[in-house]
Each structure stands twice: as C-alpha cells, then as structure tokens.
Amino acid sequence: MSTGGVVSGGTRPAPGVVSAGLTPIFVRLKVALLKNGLRQSSGRKAAFVITAVLVLLFSALQLVVLIAMRGQSFAPTLTLLMALVVALGWTFMPLFFPSGDETLDPSRLVMLPLRPRPLIRALLVASLVGIGPLFTVCLVVGSVIAVAHGFAGVVVAVLAAALTVLTCVALARTVATANVRLLTSRRGRDLAVLSGLIVAVGIQFVNFGWQRLASSGGLSVLDPVADVVQWIPPASAVGAVHSVSEGAYGRGAAQLLIAAVALATLLWAWERGLVKLMTAPDGSTIQAASGPARKESSAGWLSRLLPDGRTAATAQRVLRYIWRDPKTKGAWITSLAIGLIVPVFNALQGTGSVYLACMATGMLGMQTFNQFGTDTSAFWMVATTISTTRDAYEELRARLLALLAITVPYTVLVTAVTAAIVDDWAVFPEVLGLAFALLGALLAAGMVASARFPYSVPQGGAKNVAPGQGSLAWMSLAAGLLVSTVACAPLIGLTVWLHVAGHATWLLLPVGAAYGLLVAWLGLKSAAPGTASRLPEILAAVSKG
C-alpha cells in the first residue's frame, strides 16, 4: 500500500512530490491498520469498542474535573505532576507493549525510497491517530485550561498544549526507534511479559504514596516537587502557562523555550535514529563473531557451579528455562518482586509484621505446581530419559535442587529485610523456620500436582494455560494448596504451643528447616512413581500448547 502511494507506474516521482503526499498516506495507513485489526475477530472488535468507550468516558470526565479545578490553589501542582507522568507513560509504553502499534517499527519502511525528515513528519502526524493520543489531548487541554488566566495565558496555553502532546508522541517514537532491534527480539518479548510486573509494582508505589499524602494533609506537601518539575519538559510547557497567568512573563518564556528545545532535540534524535536504522547493517546481514564464544563461556560458567551427571544437566536446564523463557521468567520475577514488596511496604507503613515474609515463600512455592508445563513439546526429550521410578526420582530431585538454589536465599533475604524494618529480630528465627517448612510443603505439593495435573503453557499470546486445560490448572492449584496446608499444620500447631507454654521459639528454626526437608523428600518419593507411570499422559498434556 505504501509503495503504491510513493512509487507509481514504475518511475520514481520528484522528492518534493513524495514529501507533499507522504503525510496523508501515512494517516490513511494508520487508519487502515486499525480497521484491519478489528476485522480479525469479533472478540478483538468488541474489546476495542469497549476500550474506546471507556477511554472516551474517562477522558470526558477527566476534562470536566480539570476544568472544574480552575482557580484552585492545588491546580498548578497537580497539572504539572500529571503532565510528567503522562510523558513517562509515553516514554516506556513502547518498551512494554511493542506489538500494540505496528507503525512503531520503522524497519518495515527500509526498502521504500523515503527521506528521514518527510518520514518523521508523516509518522508524527499519524501517531496522533488513536485512543492513546485522544486521551493525552484531553488531559493536556484540561490541564492548561485549569491554570490559564488572562489573554496572554490563553495564547501560551494553546502553544503549550501543542508542545506537550507533540513531545509525548516524539518521546515514544524516539525510544521505539532507538530500541527497535530490542523490541523485535526475544528480549523485547521478555519486556512485554514483564509489563505485568511493572504494573503490579507501580500499583504498590501509588498505594504507598497515596497513603502518605492522606496522612500528611493534602497535595501541599508536593509543592517542592512541583517547583522542580515545572522546569522539566514537557511539564515545563504547562508551567509556562501558570507563570504567564501570574504575570511572570520571563519565567514563562524560559519554560516554554525549554519545552520547544526538548521537542527539537527529540526530533533530531529521532531523525538520527531513523538514518542509522535504515542504513546500518544488523544481525541479518553481518554475523557477530563473538556471539558463539559468549554463549559457550556462559554455559561453561554455569556448568562449573553444578555437580556432574544428570543432576547438573537437569538443574542447568531448569535454571535456563527460568532465565530465558519469557513467560517463565515473567512469572518468577513477578513472584520475587511482589513477595518482597508486600511485606516491606507494610512494614514501612507501620502496619507490617515479620510473618508477612512467609508470603514471599508462598509466591515462589506456587511456581512449582506445573514443573513440566513450561517444557511444552520439548518434554519428549526428557521423557526419553525416564524409564524407571529411579530415573523419575533423579529428574525431580534435580529440579528440586534448582528451585532451592533460588528460593532458600530469597526466603532468608526477605525475612531478614522485613525483620530489620520492623525492628523485631526476636521473631526472626521462628518466622524463618515457618517459612522453610512452608517452602518444603509447597515443593512437595508442587511435585505431586505436576505429575497428577499437568497442563501446557502456550508460548505465544497472553494466556498461561492452553485452551481446554483450565480445569486442570485449577485442580493443580487447589490440590497443591490443600496438600501444603495439611503438611504445614503440625508445625503451625507447634508454634502456637511454644508461644502459649512460653518456651524458646528459636527452636522453630532448626525444627522448621528439618521438617521442610522431610516433607519435600516425602513429596519427592511420592511423586516419582506417579511421574514414571503417567509419562505418556504428562507428555500429551504439556505438548497441547
């Protein structure tokens, strides 16, 4: 489509003709991409319509609220911070959702006879088509209206709104162009999977900040932050509106100039990135000579840390899956982050307890409930090495050792950090003992559930369970949680008895560690015969995705 708009009849038109008609072509291309995306399935069309309606309603409500704040003392502070947050969102969203907009990948235009500057203008205008830009326009327009007063303030508000929106779009384009090789690679897919982690962590930070604001008496505590943000583009453009409205014309002109210079710098960087992308060779044309050497040295370094034999090979494979498979890595890093954030944030707010550190152990232990599912169809290579119960036992034992190499140090770290923040080291031994017992119970339950209720994890898409296997996933989770709860009951009872009787609770540390090892070993012995006997069923289940 683009080639037909630029080159017609086998001859190349003059550059001026191409440049003049390039922008409407790209706008029509963007609209066509949106329409064609909706034609793929009725579910995608319904999701788009619902999202569009919700965004439109929220944008309208947001615009009304911002206009209603006009004249309020906190309006400048709030609008400045909102402008900065929106700019940060435009900066990082292409990294986490690279497939949300096909036009973010300019490498698809490499073979077309296009010059960088006309291409930048066309892409910049085309980027203003969509739900995200509409939301940004409503927020920026409402922000400048909230702080604009007088004729001069209104004139500057028009310029500031245009500068802010264009800067946000240019930020997204510049970042996407600079990282296009990353976004189209496996590491880019890793970032997309980890976007859920960023959202989860961000929600915790927002919750923590909101509680701090509520306890400190309002937005006035953010005034010092706003004094700094008003000089950071593109928020400086909104700051210019407020400055001019107050009669500080010199300060407003300086803030507006900073925003304009920032936009010009971004466009220059974007142009340089496009030129480099469209002229420099990449991995498809030049083979990196140092690549195989780096991979070999990395594998050798990992092998030296592990014992020889089947244990080393299996543990190395499990750790590499955790590090390299996007979905497995995303699940583990999300569990690691949330397991640390929840007890630490509660402790910082004065409502925490060292016992919340057990949540970190629980988050990691639940990652073991489908050990074979992440292997998908590659599990057949593992299945060919298992012919007896002893083979299954050694396979599960090696997987268990690989998981313990992550979970044990992490459990000690989270418990120690939480105890240090709460300043309650007296309960550190008993909490750590309980955490070790919980970890052993979850690992045992996970091995049994993996053999009894295996299911496949699709490699593509956002789903973590293959179609038709949702019931297996729920049964695996329910059975694992039930078994681990029953297994932990004796140690929980011992903890209560030691507290009631007034005995030394530090004994729970060695007892809990020994009990966790015992339960994990019993789970290993129980899961091995089932794994060996149900090998064909496991292979069929995990290969479905």
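Note that the numbering runs from 1 along the sequence shown for the chain. Not measured: the values here are computed from a predicted model.
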Practice prompt. Indicate yes or no: at least one non-hydrogen side-chain atom of Trp90 is less than 4.5 angstrom from one of Pro133.
Written response: yes
Fill in: Spatial distance of atom CE (Met69) from atom OG (Ser143) [nearest 0.5 Å]
7.0 Å
Worksheet item: Shortest non-hydrogen contact from Tyr410 to Gly339?
Response: OH-C, 3.4 Å
Worksheet item: Considering the options Leu439, Leu434, Val431, which one meets the side chain to side chain contact (heavy atoms under 4.5 Å, CB included) requirement together with Thr361?
Response: Leu439
Worksheet item: Does the distance from a Lys or Arg side-chain N to an Asp or Glu carboxylate O, for Glu395 and Arg390, drop under 4.0 Å?
Response: no
Discussion item. For Thr415, is there any backbone N or O sitting under 3.5 Å from a side-chain donor or acceptor partner on Thr418?
Written reply: no
Discussion item. Using only atom types and a distance under 3.5 Å, with no angle test, would you say the side chain of Thr388 pairs donor to acceptor with the backbone of Asp391?
Written reply: yes
Item to complete: Consider only side-chain N and O atoms of Arg399 and Thr314, and report whether a donor and an acceptor are under 3.5 Å apart.
Response: no
Worksheet item: When you look at CZ of Arg317, are more than 12 heavy atoms from neighbouring residues, nucleotides or ligands closer to it than 6.0 Å?
Response: yes
Discussion item. Checking Leu56 against Leu134 for the side chain to side chain contact (heavy atoms under 4.5 Å, CB included) test, could you report, in this order, the C-alpha distance in whole Å, the side-chain angles of both residues, the deciding distance, and whether it holds?
Written reply: CA-CA 8 Å; Leu56 286 173; Leu134 176 62; 3.1 Å; yes
Worksheet item: Less than 4.5 Å apart, any side-chain heavy atom of Leu443 and any of Leu404?
Response: yes
Discussion item. So, taking the atom named CG in Leu403 and the one named CG in Leu364, what distance separates them when rounded to the nearest 0.5 Å?
Written reply: 9.5 Å
Fill in: Exercise: identify the closest heavy-atom pair between Thr531 and Ala451
OG1-CB, 3.5 Å
Item to complete: Report yes if the side chains of Arg173 and Ser127 come closer than 4.5 Å at any heavy-atom pair, otherwise no.
Response: yes
Discussion item. Is the shortest side-chain heavy-atom distance between Thr77 and Leu81 below 4.5 Å?
Written reply: yes
Worksheet item: Would you say the side chain of Phe453 lies within less than 4.5 Å of the side chain of Phe369, judging by non-hydrogen atoms?
Response: no
Worksheet item: Would Leu400 and Leu396 count as a side chain to side chain contact (heavy atoms under 4.5 Å, CB included) if you check the C-alpha gap in whole Å, the side-chain angles of each, and the deciding distance to 0.1 Å?
Response: CA-CA 6 Å; Leu400 180 64; Leu396 291 173; over 6 Å; no
Worksheet item: Can a donor-acceptor pair be found between the side chains of Glu430 and Tyr355 at a distance below 3.5 Å?
Response: yes
Worksheet, complete the sentence: Distance col, row Thr79:OG1 vs Leu84:CG, nearest 0.5 angstrom, shows 11.5 Å
Worksheet item: Step by step, would you call Leu139 with Ser59 a side chain to side chain contact (heavy atoms under 4.5 Å, CB included)?
Response: CA-CA 7 Å; Leu139 187 145; Ser59 299; over 6 Å; no
Worksheet item: Ser450 side chain to Gln371 main-chain N or O, any donor-acceptor pair under 3.5 Å?
Response: yes
Worksheet item: Which heavy atom of Gly523 sits nearest a heavy atom of Ala444, and at what distance?
Response: CA-CB, 3.7 Å
Item to complete: Kindly say whether Leu171 contributes a backbone atom to a donor-acceptor pair with the side chain of Thr174 at under 3.5 angstrom?
Response: no
Discussion item. Once rounded to the nearest 0.5 Å, what's the spacing between atom CG of Leu438 and atom OG1 of Thr411?
Written reply: 8.5 Å
Worksheet item: Quick one: CE on Met359 to CG on Leu340, what's the gap to the nearest 0.5 Å?
Response: 11.0 Å
Practice prompt. Could you pull out the closest heavy-atom pair between Thr91 and Ala87, with the gap in Å?
Written response: OG1-O, 2.8 Å
Discussion item. If you count every heavy atom of other residues, nucleotides or ligands that lies below 6.0 Å from Trp380 atom CH2, does the total exceed 12?
Written reply: no
Worksheet item: Quick check: are there more than 12 heavy atoms from other residues, nucleotides or ligands sitting under 6.0 Å from CH2 of Trp332?
Response: yes
Worksheet, complete the sentence: Interatomic distance, CD@Glu394 vs OG1@Thr389, rounded to 0.5 Å, equals 11.5 Å
Practice prompt. Compare every heavy atom of Arg397 with every heavy atom of Leu524, then report the nearest pair and how far apart it is.
Written response: CD1-N, 3.6 Å
Practice prompt. Would you mind reporting whether Glu537 and Pro454 have side-chain heavy atoms less than 4.5 Å apart?
Written response: no
Worksheet item: With a 4.5 Å limit on heavy-atom distance, are the side chains of Pro343 and Val414 in contact?
Response: yes
Worksheet item: Leu535 and Ala383: which non-hydrogen atoms are nearest, and at how many Å?
Response: CD2-O, 3.5 Å
Fill in: Any side-chain heavy-atom pair of Phe436 and Val412 under 4.5 Å
yes
